[in-house]
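Position 1 is the first residue of the sequence, and the numbers go up from there.
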Amino acid sequence: MKNNRPIQTLTLPIEGMTCASCVTRVEKVLKKIDGVESAVVNLATERVNVSLDSEKIDLARLAHAVGEAGYKLVLPTKSADQEEAQNSSRAAYRRLKREFMLSASLALPVMIVSMLSMTDWFMTAVPVSMDVINKLLFLATSVIMVVPGKRFFAIAWKLARHGSSDMNTLVAVGTGAAYLYSSVAVLFPGILGITDVSGSIYFDTAAVIIALILMGRLLEARAKSRTTDAMRTLLGLQPKTARVSRGGAEMEVPVGEVRHEDLVQVRPGERIPVDGVIIAGSTSVDESMVTGESMPVEKKNGDRVVGGTINKHGSFEFRATAVGKETVIAQIVRLVEEAQGSKAPIQALADKVASVFVPVVIGISLLTFLFWLAVGGLSFTAALMNFIAVLIIACPCALGLATPTAIMVGTGLGATNGILIKNAESLELAQKVRTIVLDKTGTVTEGKPSVTDVIRFNGAEETALLRLSASLEKKSEHPLGHAIVEYARRRGISAAPAETFEARSGRGVSARVEGDLVVLGNQSFLNEHGVDTVAAGYDLDRLAADGKTPVLVALNGVLSGVFGVADPRKSTSQEAVRLLQELGMTVVMITGDNERTARAVASAVGIDRVLAGVLPQEKAARVKDLQSDGTLVAMVGDGINDAPALAQADVSVAMGSGTDVAIETADITLMSNDLMSVVYAIRLSRKTMETVKQNLFWAFVYNIIGIPIAAVGLLNPMYAAAAMAFSSVSVVSNSLRLRAFRLRKPVASEKVWS
């Protein structure tokens, strides 16, 4: 029987992860627990998105399982918030920094003394024996191994108890082998049959490797923190307090205490505290931090304002409609966090490699040791150094960071430019799209149609024609209907009650108004109702040629009039279409308008392929037809009327709908109504995935080249540790280069990835 219990999804921090193998291990452990539906771990954010049946399993059980695997799952507290999570992250960073400083302060003298002890000068200049020096090196290295190095051995031991391994295993085995062998050689040389310990001391190797790896993690942590700069910027947009009116008195309250329907005052230069609707005053608002558009937007009574945006000039009062987690900023932050916590399909290869990587590397290192000892003719200590070098150079840190760091920076960059990406899969798919379908109304055009022509037939009187038409359209949700109602309102003509109202999506409406049957819609709709529309032929052709949509009206079966409704093109539509085509896209416009009107609009903006006369319920089928040859198709619409087509498309893009249902359903939500945002979204996807592929390439190449070099004895273990640390930092740094990418300066020659 199917379980209908609600599934809860949580995002929880995890401490102790260091590489792709750690990610694989944590995911496996969580997925094995009965009641866990899914678990996706992000190494870059050090968090796990886990979906579970909360009635079947509690979080303490999850934490115990993760703890047994060698990591720490941080459970939420009643007071848990973003600031608490940041404090925890800062504390972990400070702890790592202290451990690195301790290891570096001891490893440096250990290395210097070890190197100088090989010279004749040192042996004569130092007043103590080499035996004493070796014991001092032993003590210093022991402190490193026990204090800062403890983290590697503790996790490696927990993993070993469960028959598993990760990067910590490689570090623990490599440094542990060097330390133990050197310690026995110094303290009990007879056990190893050593008479001269000078060539058997590798304390510097163990000490320096740990110091270098901790240094790499410290630099990596600093770099990773910069990948979330965009998120911190968004979180910092909301002011701390708000000025509200309650009970006739004005008071200043913490923004978290603002309630629905509160009246909020905003002065010039202040940030708007929450979302709402202006009820008094007018102003211009800088919404660039939400939409990415630099020009201020004029606001007046009835207009919506978004929390976190900046009031430029006038003072105004608004009614709060969304507070707390309901605000646009809160939704954006949540969406970006979810996207950053998801996995791109391209990461599947890295995950497969990581699942077997560490055991394979341990096997290669053992074979390397045995080969050089038994066949290669090297001494035990020399073979041991090659063994350690293979272990250290192979740590798969860069592999685990290659994808998530680029995704984090890319989605953050998108959010600060008004481009909200639902998940990593959507980001990856967008760069593969080759056909893009644009809905006409609200996408290519402004979506604000207005009546430009009123043509009467058969003696109809204009006022009566408008009154009857407005009576029907006041119940309609179609933009053309709104245009007719607004035109009648401006003329001072009021609507009458309509009875037996019937609407046919994308075609027209009919109803009885004061006893008369009124039919309003396109030509085919009126023909279906037996209305002769031949007399309107010339006017229909003329309106369509001008890019206007003709709306016909019939009274009691007789043609009475035609409205010409124009929806102006967006000023940037032509440039956006040109740039999409330069990026290798086939641009298609889809609309319910007649063929001639549609082609007139399409021609004006440079679109060659037009799908006209398509009803809303038919749009999905047309998108499916475009996909039939395997081409990936993106659909750009308003997120509501185009819902079936958006769902059918490989990538759905909702324009200017950041405050409605589209933010939940679309793969990409554009906060701006500007069609250029579609260009920016495609460019962002391509640049991000280009960075991911660069990262993965170098992560794989690093190991493919490094392991053989270490195996043939050409790589000192200390150099291997430095190279391993550099690889992780370089991958994160390459991802950070995305922050400098100028989305709003399109380049026609950008590379097309497939």
Side-chain angles (χ1 to χ4, degrees), residues 433-445 447 449 472-473 475-483 501-510 519-529 531 533 540 543-544 547-552 565 567 577 585-603 605 607-655 657 660-662 665-668 675 678:
V433 166
R434 293 296 171 268
T435 297
I436 189 160
V437 181
L438 307 178
D439 180 52
K440 180 179 79 71
T441 305
T443 301
V444 177
T445 64
L472 264 67
E473 292 292 12
K475 290 189 175 183
S476 172
E477 296 182 353
H478 198 283
L480 298 181
H482 289 174
F501 180 86
E502 181 183 351
R504 295 275 296 280
S505 180
R507 299 177 65 81
V509 294
S510 64
V519 179
L520 183 149
N522 59 28
Q523 187 175 15
S524 62
F525 184 69
L526 266 68
N527 290 338
E528 287 179 12
H529 283 74
V531 179
T533 60
L540 297 180
L543 292 172
K548 300 176 182 178
T549 302
V551 180
L552 293 77
V565 183
D567 186 6
V577 168
M585 300 281 185
T586 298
V587 182
V588 180
M589 191 182 80
I590 192 166
T591 179
D593 259 345
N594 65 73
E595 183 80 19
R596 291 198 63 184
T597 300
R599 290 209 171 275
V601 173
S603 176
V605 297
I607 298 175
D608 298 322
R609 189 169 181 183
V610 178
L611 303 176
V614 182
L615 300 178
Q617 61 269 26
E618 296 173 348
K619 289 182 179 180
R622 295 300 185 92
V623 171
K624 190 174 182 179
D625 290 342
L626 294 171
Q627 296 169 318
S628 60
D629 62 353
T631 301
L632 264 65
V633 176
M635 171 71 191
V636 185
D638 61 15
I640 301 174
N641 296 331
D642 303 310
L646 289 167
Q648 175 62 45
D650 298 289
V651 177
S652 55
V653 183
M655 290 194 62
S657 305
D660 60 25
V661 70
T665 58
D667 294 321
I668 299 174
L675 192 58
V678 179

State, to 0.1 Å, how close [X] and [Y] come at their nearest heavy-atom pair, and which atoms those are.
X	Y	answer
Ser510	Val519	CB-CG2, 4.1 Å
Arg504	Phe525	CG-CE1, 3.5 Å
Ala654	Ala666	CB-CB, 3.7 Å
Ala483	Val565	CB-CG1, 4.0 Å
Met655	Val678	SD-CG2, 4.3 Å
Ala612	Ala598	CB-CB, 3.8 Å

Candidate pair Thr443 and Leu675, rule side-chain contact (heavy atoms from CB on, under 4.5 Å), full reasoning: CA-CA 7 Å; Thr443 301; Leu675 192 58; 3.7 Å; yes
Answer with yes or no whether the side chains of Asn527 and Thr533 bring together a donor and an acceptor at under 3.5 Å.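 Side-chain D/A pair, Thr533 to Asn527: present.
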Distance in Å, [X] [atom1] paired with [Y] [atom2], rounded so as to fall on 0.5 Å steps:
X	Y	atom1	atom2	answer
Thr591	Leu438	OG1	CG	11.5 Å
Leu552	Asn522	CG	CG	8.0 Å
Asp625	Gln648	CG	CD	9.5 Å
Arg434	Asp650	CZ	CG	12.0 Å

Among Asp567, Asn594, Thr597, Asp593, which residue meets the side-chain hydrogen bond (donor to acceptor under 3.5 Å, both in side chains) test with Thr549?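 When Asp567, Asn594, Thr597, Asp593 are each tested with Thr549, the side-chain hydrogen bond (donor to acceptor under 3.5 Å, both in side chains) holds only for Asp593.
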So do [Y] and [X] actually touch side chain to side chain, heavy atoms under 4.5 Å?
X	Y	value
Lys619	Arg622	no
Leu626	Thr631	no
Asp439	Met635	yes

Does Glu595 pair with Arg599 as a salt bridge, N-O distance under 4.0 Å?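 The answer is yes: the pair qualifies as a salt bridge.
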Where the side chain of Ser652 meets the backbone of Asp667, is there a donor-acceptor pair that is under 3.5 Å apart?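 Answer holds: yes.
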Keeping the roles fixed (side chain from Thr445, backbone from Lys440), state whether a donor-acceptor pair exists under 3.5 Å.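 Here the side-chain-to-backbone pair exists.
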Identified side chain to side chain contact (heavy atoms under 4.5 Å, CB included) partner of Ile590 from the options Val636, Val444, Val614: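 Exactly one option meets the side chain to side chain contact (heavy atoms under 4.5 Å, CB included) with Ile590, and it is Val614.
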